[in-house]
2 protein chains.
Amino acid sequence: MPEKKARPRRPARPGATAAPRRTGRPRSTGQTVEGDAVDGILAAASTLFGQHGVDGTTMSRIATEAGLRQPSLYYYFRRKEELIAALVARANVVPLHLARALLAGEGSTAAQLHRFVHEDVVALCRLPFDINEVHRIAARDPEGFAEYWSERNQLQRLIARMVRSGCREGAFRPVDAHLTALTVLGTDEGVQNWFRVGPRLRTDPIGLAVADLVVGGLLIRADDLADVRKESATLVVPAGPDFR
Amino acid sequence: MPEKKARPRRPARPGATAAPRRTGRPRSTGQTVEGDAVDGILAAASTLFGQHGVDGTTMSRIATEAGLRQPSLYYYFRRKEELIAALVARANVVPLHLARALLAGEGSTAAQLHRFVHEDVVALCRLPFDINEVHRIAARDPEGFAEYWSERNQLQRLIARMVRSGCREGAFRPVDAHLTALTVLGTDEGVQNWFRVGPRLRTDPIGLAVADLVVGGLLIRADDLADVRKESATLVVPAGPDFR
DNA sequence: CCTGGTTTCGATAATCCATCGAAACTGAGC
DNA sequence: GCTCAGTTTCGATGGATTATCGAAACCAGG
């Protein structure tokens, strides 16, 4: 009896790099898999989460959309939350890369923050699903979403560093950098509370408006906002990972 | 056979005013009800939602906490969502009353908005549960949560009116009032994304910081912020409904 | 052709939401 | 006091969903 492996499930997500994808029992649909099977599953889940919400999407539905049966999903993900965690882990990379690139590059602190908020808002609007829905699930399961929280903490610290720089330089009002960073991230995410209901507005003006509000709220000289906005648009950010 | 009433369930929530609360079959726990039974159920649900999340709270658990069995809840609420809707309908009254009172009262527009954001943030932090969780559920069921959306739209229009006034008076930058109102509400709610994870900070400084950021982001002359903050604190708002 | 490893699936247990019909009580009228 | 109508609660149960277990179906190598 083949029972060498105590648990045949994938350990933690080796990705397409590790396992050379050996063949197993064919799917009942007859279709063959292109590349990593996980990609197809996550793509299906991502779309369905956006259409019916995370809780409104059953594992059975995801499986069908991905071309297999419900129990087969549990070969790749031990629990539904694990699937969700894999999804946000990818989504989180975008703003993290953006913040790092901005901090490492040129530009005034105010322009950096402006650009970050602008692009972060747009990126969240472009996600197929509502990040806040996942955020709530992650809050109930800190261990299962350890990667999510780690990345979010890193992001928060980077934003706090930006705010602190702005204060030291005399551009920003003296504020609590930690509290402000949290508020900024919350504001970016708060856009999703209304963006996904009713007809959708264009994302770019939204990002600009939010960035104006946030940076304008920190600047000591409000007149500088026009210049900051102009500079923000000129900042060059090396192309990072684009989700989906 | 007693079958005059086609549907014995409560029609829509007549409240304690209508029905004189007649007695029925006693509860298996033996306890008697004080006042409206709905109050006890909502109180139990409210607490449990805060502790384990809405989806993490079963109807059975709510029933047990309220002193009865699971099917009995369906005498008062036809679906779980109906129970949730009844809960937020109460919570929404607070900021709505606040905005109306501020608009009707004295004070500069900037101070009114500052005071609103401040108190709204604090009110949301004080809620036993996370309003955003409910917000997401409401988004998937617009008809079941018609009251929620109606009140939220009213609130949004009131804030937009504040913003428009500020622009006309020359205190605020010329911004899209509609878009700004949405962003402000989203920012208030976005605080909940981090407030409820880990150790909780004091709510009042948070409300102040968010109000500073929002109003500061709209003011043409950033120096005015100190005065606005001072005036905001002096505004008198007639005591409204306090939730729980 | 046999063996070991990979991938998929059918059957199934457990849990939760929601419904149905009946039980258990009160109060009013006779 | 007794019956009847109305109110409130409950037990039993169906349907849906998550997750597990063990076996089936395939491939590559000896």
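A, B, ... follow the sequence lines: proteins, then strands. Residue 1 opens every chain.
- Nearest heavy-atom pair across R140(A) and F49(B) is NH2-O, 3.7 Å.
- Place P26(B) and M59(B) on DNA chain C by their nearest nucleotides, and M59(B) ends up nearer the 5' end.
- In this structure, L68(B) atom CG and dT8(D) atom P are separated by 12 Å, rounded to whole Å.
- The nucleotide whose nearest atom lies closest to any side-chain atom of K80(A) is, among dT20(D), dT18(D), dC10(D), dT18(D).
- Here the C1' atom of nucleotide dT7(C) and the CG atom of L73(A) are 13 Å apart, to the nearest Å.
- Among the nucleotides dT6(C), dT9(D), dA19(D), the one closest to the side chain of Q70(A) is dA19(D).
- For the pair Y74(A) OH and dG10(C) P, the computed distance is 16 Å after rounding to whole Å.
- D141(B) contributes atom CG, which lies 5.0 Å from atom CZ of R79(B) (distance to the nearest 0.5 angstrom).
- At least one side-chain nitrogen or oxygen of Y75(A) sits closer than 4.0 Å to the OP1 or OP2 atom of dT7(C).
- For R25(B) against dT9(D), a side-chain N or O and a base N or O form a donor-acceptor pair under 3.5 Å.
- Considering only side-chain N and O atoms, S72(B) lies under 4.0 angstrom from the phosphate OP1 or OP2 of dC10(D).
- Here dG11(D) is the nucleotide among dT8(C), dG10(C), dG11(D) with the atom lying nearest to any side-chain atom of R69(B).
- Note that the CH2 atom of W194(B) and the CG atom of L185(A) stand 10.5 Å from one another [nearest 0.5 Å].
- Put simply, S28(B) has a side-chain N or O that comes within less than 4.0 Å of OP1 or OP2 on dC10(D).
- If you take CZ of R79(B) and C1' of dA18(C), they are 11 Å apart, rounded to a whole angstrom.
- A donor-acceptor contact under 3.5 angstrom links the side chains of E189(A) and N193(B), judged on distance only.
- A straight line from OH of Y76(B) to P of dT7(D) spans 12 Å, rounded to a whole angstrom.
- L83(A) has its CG atom 10 Å from the P atom of dA19(D), to the nearest Å.
- Taking atom CD on E82(A) and atom C1' on dA19(D), their separation rounds to 12 Å, with Å as the unit.
- Among all heavy-atom pairs drawn from C125(A) and T203(A), the shortest one is CB-CG2, 3.6 Å.
- R78(A) has its CZ atom 9 Å from the P atom of dT20(D), to the nearest Å.
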